[in-house]
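Worksheet: the structure to be examined is printed underneath.
Remember, it's a predicted structure, so these values are computed and weren't measured experimentally.
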Amino acid sequence: MLRRDPVARTMLGAISVSSVGVGIHTLAMGQLLYDRTGSPGAFALVLTLQGLAAFCVLPLCGPLVDAVDSQRVYVACGLGRAVTVLLVVALAAVPGGGAVPYMVGVAVLLAVFDNVERSALFKLTAHHVDQTHIARFNSMIGVAFQAGALTGMALLGLILTWGDAEHALLVDVAMSLACALVVSRVRLTANEHNPPLSARMLGTAVVGTVGEWRRMLGRYGTDRVVFLMILLCAADFVFAHALSTLVVPLVDSRYDRQGWYIAALEATFAVGMISASFFTSRLVTQRLLPLWLLCQAGAATLLAASDATAVHFLAFFLAGFANLNSLTWLLTSLQQRAGEGDKAKMASLRLLAIGLGTAVLMPVIGRFATVSLGAGFWSLTGTMVLFALGGAWVARAYRANPEAAPDAAREETAPALSPAGPAPADTPLESGSARRVRP
């Protein structure tokens, strides 16, 4: 049980605290830029540049995080994020639109800290969370994030009653600092086998980055379906980013700029994710991956084709429900697939795919959104249909039995979701055949 695992409890608590700030930040930043520019393109530009920043930093951060204590990296990233948001607040105090380019540039730094932090989280949980319930833990990450984000949205409404977006971003700063403090105090008992931290060790890790990636890519080079799974990780994040970008003009055009609709629709997405978490043992399966990607395409279609309020809320709920299921299966499968010394590098590959997908696809969706709101949602529909086709190939082709796995991964078998033994056919770790168990 997760409640008996102190590391799992602490990390879920830290993620909840941090995501309170994220829930505030996403809407406050989007609203701030939209008010200054009058276009959803500014926020789409931020997301695009953040994707490019992630693409630049992640090749280095994977080997570095593998060589350094993951807890220290996670805490350092929380502190860095707090300082960065504080700088955005300072720039936002400048009247007019002259500071917008600088705000966008500083916001890009968040991608650096966020992506390194995610690599550290991937490694920390892979080493320190009990493997008998790692899939459940991964699904609860989404729940913790969305629960925190819901709280942040509610707080945002209260903050904006007496203050402005800048005051809201200060709460994000406080939440990042609180998260860093919580994680710094957790006691880890497992050994990550990291060498002593020193300037020489870090220099060696940087110099050896190319060799580390060559070794890992060679190890998994014949596993083409795994690389497709890595690319598919971008789908859920591009979809969520696109909704966050399009919800502001949606409310602007359909709901007479009533800002509470933004929080309500985003909260409905979060409720959908939380609802899905209660059914992970049945719904987070390989064979259902393309269905969840198609459901997200369907949600975008509903938003494009209908002006009805009930349909909009239904679409956001369906989107959140499907998003958690596909995200959890891909995350858990890749986390278990990676060898002991490759956890952070696998996380980096996953985050590189997310960054690249965001950098390539968000400008396209943003460009369509400038033509019309409906065109923006239709472009999102087409994007998710393409991802669903890739998901259908993964659902059919992925085989993860130990004999077929790369040498370094052969000792890793799928953790059971209960002490009784391997996962049964309807668990999240099933590959489509009861004779094949996912590593």
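Checked against side chain to side chain donor-acceptor pair (under 3.5 Å), T381 has the following partners two or more places apart in sequence or in another chain: T301. With sequence neighbours excluded, the residues satisfying side chain to side chain donor-acceptor pair (under 3.5 Å) with E266 are S244. Annotation: side-chain contact (heavy atoms from CB on, under 4.5 Å) contacts of V360 (sequence neighbours excluded): L356. Applying the side-chain contact (heavy atoms from CB on, under 4.5 Å) test to L331 and every residue at least two apart in sequence or in another chain returns F122, N138, R350. Residues passing the side-chain contact (heavy atoms from CB on, under 4.5 Å) test with L361, sequence neighbours excluded: V238, T383, F387. Remark: A168 pairs with I24, A28, L156, I159 by the side-chain contact (heavy atoms from CB on, under 4.5 Å) rule, at least two apart or across chains.
Among pairs with a residue in residues 307-336, those fulfilling salt bridge (Lys or Arg N to Asp or Glu O under 4.0 Å) read R254-D307, at least two apart in sequence or across chains. Applying the side chain to side chain donor-acceptor pair (under 3.5 Å) test to every pair with at least one member in residues 228-243, sequence neighbours left out, gives these pairs: D236-Q296, D236-S326.
The shortest non-hydrogen separation linking G320 to M273 is O-CG, 3.1 Å. Closest of all the heavy-atom pairs between A315 and L302 is CB-CB, 4.0 Å. Across all their heavy atoms, A234 and A353 have their closest contact at CB-O, 3.4 Å. Closest approach of A107 to M29, counting heavy atoms only: CB-CE, 3.9 Å. The minimum heavy-atom distance between L324 and A276, with the atom names listed, is CD2-CB, 3.7 Å. Of all the heavy atoms in C295 and L318, the pair that sits closest is O-CD2, 3.7 Å.
A donor-acceptor pair under 3.5 Å is formed between the side chain of H312 and the backbone N or O of S306. One N or O on the side chain of S277 and one on the backbone of I274 form a donor-acceptor pair closer than 3.5 Å. A donor-acceptor pair under 3.5 Å links the side-chain atoms of S19 to the main chain of I15, judged by distance alone. No donor-acceptor pair under 3.5 Å is formed between the side chain of S18 and the backbone N or O of A14.
The distance from the CZ atom of F113 to the OG1 atom of T84 is 4.5 Å, given to the nearest 0.5 Å. Between the CG atom in L327 and the CG atom in L289 there is a gap of 11.0 Å [rounded to 0.5 Å]. Separating the CD1 atom in I365 from the OG1 atom in T370 is a distance of 12.5 Å, to the nearest 0.5 Å. Atom CE of residue M11 and atom CG of residue L121 lie 5.0 Å apart, to the nearest 0.5 angstrom. The line from CG of L109 to CG of D114 is 10.5 Å long, rounded to the nearest 0.5 Å. Once rounded to the nearest 0.5 Å, the distance linking SG of C233 with CG of L330 reads 4.5 Å.
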Taking it one step at a time, do L12 and F137 satisfy side chain to side chain contact (heavy atoms under 4.5 Å, CB included)? CA-CA 8 Å; L12 289 174; F137 174 81; 3.7 Å; yes

List the steps, then state whether side chain to side chain contact (heavy atoms under 4.5 Å, CB included) holds for W292 with T328. CA-CA 11 Å; W292 301 130; T328 300; over 6 Å; no

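Ring geometry for Y261 versus F313: interplanar angle of 30 to 60°, hence tilted. Using a 30° and 60° split on the angle between ring planes, F279 and F321 fall in the tilted class, from 30° to 60°.
When side chains are defined from C-beta on, L124 counts as touching V7, because their heavy atoms get closer than 4.5 Å. Taking the side chain as every heavy atom from C-beta outward, T309 and Y255 approach each other to under 4.5 Å. Side-chain contact between L288 and N325: absent, with no pair of heavy atoms (C-beta onward) separated by less than 4.5 Å. By the 4.5 Å heavy-atom criterion applied to side chains, F377 and L243 are counted as neighbours. You'll find the side chain of L303 stays beyond 4.5 Å of the side chain of L246, heavy atoms only. Between F269 and V247 the shortest side-chain heavy-atom distance does not fall below 4.5 Å. Residues K123 and Y74 fail the side-chain proximity criterion, which asks for heavy atoms closer than 4.5 Å.
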Report, one line per pair, each donor and acceptor closer than 3.5 Å where one atom sits in a side chain of residues 174-183; sequence neighbours left out.
from: S176; atom 1: OG; to: R81; atom 2: NH1; distance (Å): 3.4
from: S176; atom 1: OG; to: D172; atom 2: O; distance (Å): 3.2

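Around CZ of F237, the count of heavy atoms belonging to other residues, nucleotides or ligands within 6.0 Å exceeds 12.
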